[in-house]
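Below: one structure, written as structure tokens.
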Amino acid sequence: MQYEPVIGLEIHAELNTKTKMFCGSLNDPDEKHPNVSVCPVCMGHPGTLPVINEEAIQKVIRVGLALGADIPEFSQFDRKNYFYPDLPKGYQISQFEHPLVKGGTIELPSRTIRVTRVHLEEDTGRLMHDKGSNASFVDFNRAGVPLMELVTEPDLRTGEEVRQFGEALQQILRYVRASDADMEKGQMRVEVNISLRPEGASEYGTKVEIKNINSFKYAADAVEYEIRRQTEVLEGGGAVAQETRGWNEKKNESFSQRIKEGSHDYRYFPEPDLPPLTISRERVAELKAALPELPREKVRRFRGEYGIEGETAEIISRDRDFADYFEQVVSEMKEWERSTPEQEKRPAVELLANIFIGDFLRLLNDTQSTMKDVRITPENFGQFVALVAEGKISSTAARTVFDGMFRTGADPEGIIREKDLLQVSDTYALEAAAQKVLAAHPKPAADFKSGNAGALQFIVGQVMKETKGKANPQMVQEILKKLLISH
Ligand code: ADP
Ligand code: MG
């Protein structure tokens with residue numbers, strides 16, 4: 001029998017607000033010292049009262065709008081009761097019946113994934129278990145940090161789709177500036193629900209939940225592993241147990257954590273310390289109008305407006321700041337485009353796009369830089385592209401110049417002057433060098449004349465050597481052909 005995998009996701013993301021969800025303590029993910037971003041409210045002291053962080057509400061609504069979701073007029077916080085040492089109040093303020101966001105979709109290449117809901121809650125503290133002293137420690141810096149939870153319908157079918165969905169959501173969270181969504185810092189966490197059903201069946205099978213996965217790749221691996229494991233269970237005549245499993249990325253296998261016996265009773269009830277929210281339609285309209293251009297639209301526009309082909313537009317749009325910077329350079333180049341005759345330049349936007357997804361991205365990755373660290377001004381970047389497009393520097397020299405610009409923020413002409421990298425395009429100088437080389441190498445010259453076209457490359461190479469690599473190779477070719485034919 002063939003089985004069809006059915007997968008739904010629950011994804012948590014910490015919002016990048018200035019302060020915590022219900023108090024004025026800082027929400028600082030880079031705080032290294034434990035228990036400093038805390039106050040009586042997020043420490044759960046008796047007699048304190050929470051106050052709703054408006055910035056967090058706005059950010060979740062922005063996410064909802066970016067997903068094309070409904071923003072209900074009525075929303076409410078609920079109290080979710082459970083005991084755990086990282087939860088100082090003994091309950092978590094969350095949302096149950098009335099989330100901020102309902103519905104929405106994310107489009108994957110293979111299918112459309114429906115979002116069930118997005119709600120807002122508070123994060124817990126962090127427990128550290130120290131084997132040496134056999135003690136556990138708790139850091140409350142994270143307690144009360146705004147946390148959004150997005151739940152999907154069980155619409156996904158493969159590990160690859162899980163990876164694509166996670167990446168698409170991460171990109172949206174960053175575009176609308178709701179979350180930094182850094183998986184390595186635990187700012188985005190994925191739970192995968194997965195079941196199998198016989199191909200063609202309408203009912204879902206029993207699902208297994210894999211919790212706390214901290215990379216999209218691991219999420220995809222975990223799904224593929226579970227599909228194999230559950231297939232074996234079913235083919236062996238067994239039944240899949242409804243359980244929570246963890247993922248061991250070293251062994252590349254999932255392991256049972258606990259068997260689920262019915263659902264937890266969290267005794268949810270409306271949070272009595274907070275008023276329900278009325279989200280006015282005017283506010284929603286304002287937030288919608290203030291949304292940035294989203295990744296899909298940007299990719300489409302880049303293809304249309306700049307004629308950037310294939311995957312290049314997607315790579316440039318992956319990060320909003322990267323794409324914005326690209327357009328700043330494009331606008332810096334407008335004047336140059338207007339004033340430079342067509343025949344003297346390569347298509348500059350295409351060249352610029354290639355530099356962006358090539359050397360520029362490589363240097364950003366190698367140096368682990370963000371766009372904030374970039375020292376090249378858009379003006380200098382544009383000048384650099386113009387110099388390459390006009391053939392003023394060779395491709396080897398271009399790389400040296402660009403590396404220098406990236407490291408120091410210096411302007412390209414300065415580096416070219418300092419390192420003497422200007423490409424020699426002077427016809428007389430090149431002819432002189434070519435004649436010298438031809439005189440020194442009569443044999444390849446004769447070979448070329450007697451029909452061996454390959455001999456020309458050797459001579460071009462010698463001229464490049466003669467000019468210390470600074471000759472314009474196209475011009476050298478032409479000059480050599482002219483000289484050899486007229487000889
Ligand atoms: P629970 O009550 O166990 O929390 P929910 O109905 O709230 O389950 O769904 C939680 C997540 O599990 C959602 O992402 C949903 O799409 C997914 N899900 C629900 N049923 C299944 C199933 N049979 N197989 C796979 N995923 C499922
Ligand atoms: Mg649930």
Side-chain angles (χ1 to χ4, degrees), residues 1-13 63-64 67 69 78 80-82 92 94-108 110-121 147-170 172 188-213 216 219-231 233-234 238-247 254 256-268:
M1 189 179 318
Q2 286 293 318
Y3 294 101
E4 180 191 39
V6 171
I7 304 158
L9 301 175
E10 292 165 283
I11 302 183
H12 284 92
V63 173
L67 297 168
D78 294 288
K80 180 178 179 178
N81 298 280
Y82 67 94
Q92 179 192 34
S94 180
Q95 297 193 290
F96 190 58
E97 292 275 0
H98 299 286
L100 280 167
V101 174
K102 284 185 181 166
T105 54
I106 286 185
E107 211 72 59
L108 301 184
S110 48
R111 71 187 89 241
T112 300
I113 309 303
R114 290 168 301 162
V115 171
T116 314
R117 55 185 276 155
V118 187
H119 72 251
L120 189 50
E121 57 193 31
L147 191 65
M148 59 153 257
E149 179 177 347
L150 176 146
V151 182
T152 76
E153 292 294 305
D155 287 347
L156 300 102
R157 295 291 175 265
T158 64
E160 174 61 12
E161 287 179 0
V162 168
R163 191 184 61 74
Q164 288 171 354
F165 185 92
E167 284 176 359
L169 177 63
Q170 182 183 50
I172 289 170
M188 195 174 173
R189 314 188 287 260
V190 181
E191 282 164 45
V192 178
N193 298 273
I194 167 164
S195 64
L196 297 187
R197 65 177 169 185
E199 198 80 63
S202 56
E203 307 250 305
Y204 293 138
T206 305
K207 75 176 157 74
V208 164
E209 184 177 350
I210 309 173
K211 273 198 180 299
N212 282 327
I213 306 177
F216 301 130
D221 291 347
V223 164
E224 296 307 328
Y225 175 86
E226 266 305 299
I227 292 173
R228 286 196 301 275
R229 190 188 69 83
Q230 292 183 23
T231 303
V233 170
L234 294 174
V240 173
Q242 185 180 340
E243 60 182 339
T244 301
R245 297 177 74 89
W247 178 246
S254 68
S256 182
Q257 288 181 319
R258 62 183 157 88
I259 300 282
K260 229 179 185 172
E261 289 145 357
S263 68
H264 268 291
D265 185 1
Y266 290 115
R267 294 181 293 120
Y268 275 103

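Hydrogens, waters and symmetry mates are skipped; everything else that's a heavy atom, side chains included, is used. In each ligand, atom 1 is the first atom listed, and ligand 1 is the first ligand listed.
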If you measure from CD1 on I210 to CZ on R245, what distance do you get to the nearest 0.5 Å? 7.5 Å
Hey, can you tell me if Y266 and Y82 have their rings parallel, tilted or perpendicular (30° and 60° cut-offs)? perpendicular
Interfacing atoms of ligand 1 (cut-off 4.0 Å, heavy-atom, E153): 16 (O)
Looking only at distances, can you tell me whether any N or O atom of T152, backbone or side chain, sits closer than 3.5 Å to an N or O atom of ligand 1? yes
Gap between atom CD of E209 and atom CD of Q257 - 0.5 Å precision: 9.5 Å
For the 3.5 Å polar cut-off, considering only N or O atoms, please tell me whether I194 and ligand 1 meet it. no
List every atom of ligand 1 that sits less than 4.0 Å from any heavy atom of Y204, numbering the atoms from 1 in the order shown and giving each element. 23 (N)
Between R163 and E167, is there a salt bridge with N-O shorter than 4.0 Å? yes
Under 4.0 Å from ligand 1, counting heavy atoms only, is it the side chain of V151, its backbone, both or neither? side chain
Mind checking whether T158 and V223 have side chains closer than 4.5 Å, heavy atoms only? no
Any nitrogen or oxygen of Q242, side chain or backbone, less than 3.5 Å from one on ligand 1? no
Before accepting this row, confirm whether a basic side-chain N of the pair K80/E121 lies closer than 4.0 Å to the acidic partner's carboxylate O. no
I'd like a table of donor-acceptor pairs (distance under 3.5 Å, sequence neighbours excluded) in which one partner is a side-chain atom from residues 190-199, with atom names and distances.
{"residue": "E191", "atom": "OE1", "partner": "K211", "partner atom": "NZ", "Å": "3.2"}
{"residue": "N193", "atom": "ND2", "partner": "G8", "partner atom": "O", "Å": "3.3"}
{"residue": "N193", "atom": "ND2", "partner": "E10", "partner atom": "OE1", "Å": "2.9"}
{"residue": "R197", "atom": "NE", "partner": "E4", "partner atom": "OE1", "Å": "2.9"}
{"residue": "R197", "atom": "NH1", "partner": "A201", "partner atom": "O", "Å": "3.4"}
{"residue": "R197", "atom": "NH1", "partner": "S202", "partner atom": "O", "Å": "3.3"}
{"residue": "R197", "atom": "NH2", "partner": "E4", "partner atom": "OE1", "Å": "3.1"}

Side chain or backbone, does G205 bring an N or O within less than 3.5 Å of an N or O on ligand 1? yes
Between E209 and ligand 1, which part of the residue brings a heavy atom under 4.0 Å of the ligand: side chain, backbone, both or neither? neither
If we number the atoms of ligand 1 from 1 as shown, the ones under 4.0 Å from a heavy atom of V6 are 24 (N), 25 (C)
Could you check which of T206, L9, N193 puts a non-hydrogen atom nearest to atom 26 (N) of ligand 1? N193
